[in-house]
Amino acid sequence: MIRDITLGQYYQKDSLIHRLDPRTKLVGTLAYLVSLFIFTRPLVFALAAVFLILVLILSRVPFSYMLKGLKPILFILIFTLIINMLFTRGTVIFSWWKLNITIEGLKQAGSMGIRLVLLILGSNLMTLTTTPTRLTNAMEHLMRPLKLLRVPVHEIAMMMSIALRFIPILLEETDRIMKAQLARGADFESGNAIKKAKSFVPVLVPLFISAFRRANDLAMAMEARCYHGGKGRTQYKPLKYKGRDFAAYTVLILYIAAVVVLGKLC
Amino acid sequence: MEDMKLIADHLVFQYDKSRSDARRALDDVSFVLHKGEFVGLIGHTGSGKSTLVQHLNALIRPDSGSIYYEGADIYEKDYDRKALRGKVGLVFQYPEYQLFEETVLSEVIYGPVNMGMDKKDAELAAYDAIRRVGLEEECIDQSPFDLSGGQKRRVAIASVLAMDPEILVLDEPTAGLDPAGRSELLEMIKELKEKEGITIVLVSHSMDDVAEAADRIIVMDKGRIIYDDVPVRVFEHINELEEMGLAAPQMSYLLRDLKKAGFPVNTDIITLKDAREEILKVLS
């Protein structure tokens with residue numbers, strides 16, 4: 001039941017995109033997301049879509065797998081489309097009761113829809129090709145300048161990677177405890193909302209206890225290995241830009257330039 | 001047959017359904033559990049034994065195949081699976097981690113109350129169950145979290161036993177216990193079978209745990225049942241068992257080596273007590 005939920009959904013494969021430095025991918029994704037929102041011309045979207053498809057092919061992640069990532073936002077997508085379609089003023093082309101569909105509305109809905117889809121697919125592509133550990137590692141590196149402002153960058157990154165690491169463990173634990181209580185005759189489905197919420201107490205209490213126990217064990221294990229925070233800490237696999245990363249940055253700059261040119265001139 | 005309790009019929013189950021090449025956790029598993037039997041279910045980590053026991057009370061639905069409890073298909077749409085879970089009691093691995101109540105008593109009545117027993121009967125059943133697992137009655141008002149590890153586990157077992165199951169399935173009940181706690185617990189389980197006629201399925205990866213008590217041993221490897229026979233017959237396959245990452249009981253090795261060294265001992269012996277008698281007999 002609960003096993004089906006995927007978070008931090010890394011797709012194991014050996015591809016150029018997988019091998020890129022996580023910082024490159026993070027910066028690239030952010031730049032890509034921004035590029036989607038500067039201009040609204042159809043040609044820009046076409047370029048963005050082509051760019052995404054090219055990266056997708058390079059990443060060797062199956063397309064069907066990518067589409068799965070769209071499922072959870074399907075509702076938001078449809079909702080946005082309808083709202084945009086119905087509540088944009090302009091030239092009315094179709095009207096029924098109090099609802100008017102306008103040319104501007106259709107355009108707005110179309111560009112919003114494409115944006116959302118590209119946005120989700122683009123960020124999914126990053127999480128699919130980068131392990132959570134490498135991603136937080138990249139964030140730590142990119143946030144380094146904030147250290148000057150006394151932001152505990154290393155600690156934040158460490159907290160994030162621990163949290164990410166524990167999500168699958170706690171999901172599995174939840175599954176186990178739920179099954180154990182089902183074996184004792186628990187019923188999580190019938191009854192009204194209050195009864196249902198109450199039926200989860202036998203799951204939540206052991207889950208919290210186990211989370212605290214794990215946190216305690218982990219803290220102990222870290223202390224035993226002399227962990228003392230970020231100061232002077234070296235890394236097992238230090239991030240290092242390679243040739244392919246410079247190539248990727250070049251492609252990225254060319255893409256952004258193309259977007260700006262298309263957006264301004266056409 | 002009259003005494004048949006539970007029939008597993010060609011069970012197939014796979015965890016990761018998105019990949020057809022993934023290994024099956026259960027691959028065509030069939031067996032029959034008879035009333036009053038003590039079955040040891042043995043397998044290496046990942047052999048599918050925990051997956052199998054979660055089928056026995058319908059916590060997992062197989063991809064194909066089915067299970068019949070007293071003649072009824074437990075995966076039928078209208079089958080009362082909640083009642084089934086009272087009859088086929090399943091004690092999970094490390095069951096002490098599922099405790100949640102403030103007192104031992106309310107912990108143990110959770111199961112029976114869920115089964116629809118009224119509070120008074122449930123409390124009687126709870127007192128009874130606590131006695132049967134060998135806990136002191138004084139602990140009944142204590143918080144289960146104040147008890148020792150071994151006692152917590154007994155509380156968890158009592159909470160299943162209080163539902164008055166006909167089949168009791170225990171998944172690695174001795175994991176993480178000290179030697180004394182281990183033999184006490186195994187003794188307790190044996191008594192449940194002998195005194196009350198409860199059918200027992202004991203899951204373990206240690207042959208020594210089950211060798212003594214089990215009437216029958218099922219050996220699993222890679223989701224399949226490899227052997228299903230009386231202990232002595234199963235332990236004849238020492239080499240095959242070792243290939244699966246298992247081992248025969250210590251006594252089998254000892255007696256085998258003694259025989260190799262020229263002593264006329266009977267190598268079918270598996271328990272410490274019988275082995276001692278046999279060795280003394282041969283030596284005198």
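Values in this document were obtained by computation on a predicted structure and should not be read as measured data. Each chain gets a letter, A, B and so on, in the order the sequences are listed, and its residues count up from 1.
Contacts of Leu84(B) with chain A are absent, with no heavy-atom separation under 4.5 Å from either backbone or side chain. For Glu96(B), no part lies near chain A; criterion is any non-hydrogen pair under 4.5 Å. For a residue to count as touching a neighbouring chain, one of its non-hydrogen atoms must lie under 4.5 Å from one of that chain's; by this rule Phe92(B) touches chain A with the side chain only.
Electrostatic pairing of Arg132(B) and Glu196(B) counts as a salt bridge here, judged by a charged N lying under 4.0 Å from a carboxylate O. Ionic pairing of Asp128(B) and Arg131(B) is present here: one or more N-O contacts between side-chain nitrogen and carboxylate oxygen are shorter than 4.0 angstrom. Salt bridge present: Arg23(A) and Asp21(A) bring a charged side-chain N and a carboxylate O closer than 4.0 Å. Salt bridge annotation for Lys5(B)-Glu37(B): absent, with no cationic side-chain nitrogen under 4.0 angstrom from a carboxylate oxygen.
Without hydrogens or angle criteria, Arg184(A) side chain to Asn114(B) main chain gives no donor-acceptor distance under 3.5 Å.
Between chain A and the options Gln54(B), Arg81(B), Gln98(B), Arg85(B), heavy-atom pairs under 4.5 Å are most frequent for Gln98(B). Ranked by heavy-atom pairs under 4.5 Å with chain B, the first of Ala183(A), Pro202(A), Pro206(A) is Pro202(A). Ranked by heavy-atom pairs under 4.5 Å with chain A, the list Pro165(B), Pro95(B), Ala58(B), Gly111(B) is led by Gly111(B).
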